[in-house]
Amino acid sequence: MRAGGGPDRRHPHRHHHTGKADRRNYSGKHHRHGLHFLALADERGRLIWISAARPGRTHDNTAARHDRILAHLRAAGLGALADLGFRGLDNDVRDPVIVTGFHASRTHKLTPGQKTANRVLAVGRAPVEHGFAHLKNWRILTKLRTDPAHATRLLRALLVLTNFEVNR
């Protein structure tokens with residue numbers, strides 16, 4: 001059985017205290033301090049799980065390996081669609097659990113078939129992005145001033161409230 005949806009990340013901005021103590025929360029990609037969360041959504045875009053908060057500099061694959069997402073999906077007999085941030089996470093060619101798109105570079109252009117595959121993947125991932133959009137509607141996430149443990153509890157509570165609001 002394969003499920004739609006899949007893992008994605010949320011990187012809420014976090015007001016920071018300057019100094020060495022908060023440098024681990026600095027994301028070079030986003031050029032700001034923040035926290036890193038992973039989430040799983042079903043094929044309709046309802047968020048069903050959210051990870052614990054990690055420093056903003058954490059890579060998607062590192063967080064997914066730490067949470068053992070591959071093992072949990074494989075044990076449940078499910079699959080997931082993911083963005084290019086998860087490339088290389090699942091190297092099982094015969095029975096992939098996490099499907100990502102094709103990556104183009106300056107020297108390696110995508111073939112028409114790869115472009116089509118990426119479009120199909122984007123259509124399948126759209127509900128996941130909508131699920132994250134619903135979660136981002138909570139204004140409290142714009143200026144988070146708390147430690148990662150409290151942020152985890154807050155985001156999980158907001159996950160429940162978001163699903164309640166969306167399913168009303």
Side-chain angles (χ1 to χ4, degrees), residues 1-16 24-25 27 29-30 32-90 92 95-101 117-168:
M1 177 180 161
R2 294 281 174 189
D8 203 350
R9 72 198 133 341
R10 169 76 175 112
H11 198 88
H13 174 68
R14 180 174 179 259
H15 277 279
H16 61 92
R24 62 192 212 109
N25 291 329
S27 169
K29 178 180 176 183
H30 298 284
R32 61 172 37 175
H33 287 76
L35 297 172
H36 186 271
F37 290 92
L38 289 182
L40 290 173
D42 65 7
E43 64 276 355
R44 290 180 46 203
R46 291 177 302 201
L47 296 173
I48 54 177
W49 174 82
I50 196 155
S51 72
R54 291 205 173 68
R57 68 180 183 192
T58 307
H59 192 275
D60 295 333
N61 283 349
T62 303
R65 285 186 184 110
H66 186 268
D67 288 329
R68 299 183 30 208
I69 288 178
L70 276 177
H72 291 300
L73 287 172
R74 213 177 287 283
L78 298 173
L81 305 176
D83 62 17
L84 291 177
F86 293 92
R87 252 179 3 121
L89 179 64
D90 187 8
D92 187 357
D95 187 26
V97 173
I98 294 183
V99 177
T100 59
N118 279 355
R119 269 189 237 104
V120 170
L121 183 66
V123 168
R125 282 190 33 75
V128 177
E129 297 299 333
H130 289 275
F132 261 110
H134 288 301
L135 187 62
K136 290 178 191 179
N137 284 337
W138 297 97
R139 202 184 317 177
I140 193 168
L141 293 178
T142 58
K143 295 182 181 180
L144 211 56
R145 293 177 186 235
T146 184
D147 67 281
H150 291 314
T152 299
R153 286 194 291 275
L154 173 67
L155 218 59
R156 288 182 176 164
L158 291 177
L159 171 74
V160 172
L161 291 173
T162 300
N163 285 337
F164 178 75
E165 285 293 317
V166 169
N167 293 330
R168 256 203 300 171

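A80 and L73 get closest at one heavy-atom pair: CB-CD1, 3.9 Å. In this structure, F37 and A151 approach most closely via the heavy-atom pair CZ-O, 4.0 Å. Taking both residues in full, the closest heavy atoms of G124 and P127 are given as O-CD, 3.4 Å, listed atom of the first, atom of the second, then distance. Between L35 and A53, the shortest heavy-atom contact is CD1-CB, 4.3 Å.
Taking N61 as the reference, H59, R65, F86, L89 meet the side-chain contact (heavy atoms from CB on, under 4.5 Å) condition, with sequence neighbours excluded. With sequence neighbours excluded, no residue forms a side chain to side chain donor-acceptor pair (under 3.5 Å) with T100. With sequence neighbours left out, D90 forms a side-chain contact (heavy atoms from CB on, under 4.5 Å) with L70, R74, D92, P96, V97, I98. Take D67 and apply the side chain to side chain donor-acceptor pair (under 3.5 Å) test, not counting sequence neighbours, and it matches R54. Shown here are the side chain to side chain donor-acceptor pair (under 3.5 Å) partners of R153, two or more places apart in sequence or in another chain: H150.
Proximity of L135 to L47: side-chain heavy atoms (C-beta onward) are separated by under 4.5 Å at one or more points.
The environment of H66 atom NE2 is sparse: at most 12 non-hydrogen atoms of other residues, nucleotides or ligands sit within 6.0 angstrom.
At distances below 3.5 Å, at least one donor-acceptor pair connects side-chain atoms of S51 with backbone N or O atoms of L38.
Separation of atoms CZ (R125) and CD (E129) is listed at 4.5 Å; rounding is to 0.5 Å. The CD1 atom of I48 sits 9.5 Å away from the CG atom of N163 when rounded to the nearest 0.5 Å.
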Going by atom type alone, with no hydrogens or angles, which donor-acceptor pairs under 3.5 Å involve a side-chain atom of residues 155-162 and a protein atom two or more places apart or on another chain?
from : atom 1 : to   : atom 2 : distance (Å)
R156 : NE     : I50  : O      : 3.2
R156 : NH2    : I50  : O      : 3.1
T162 : OG1    : W138 : NE1    : 2.7
T162 : OG1    : L158 : O      : 2.6

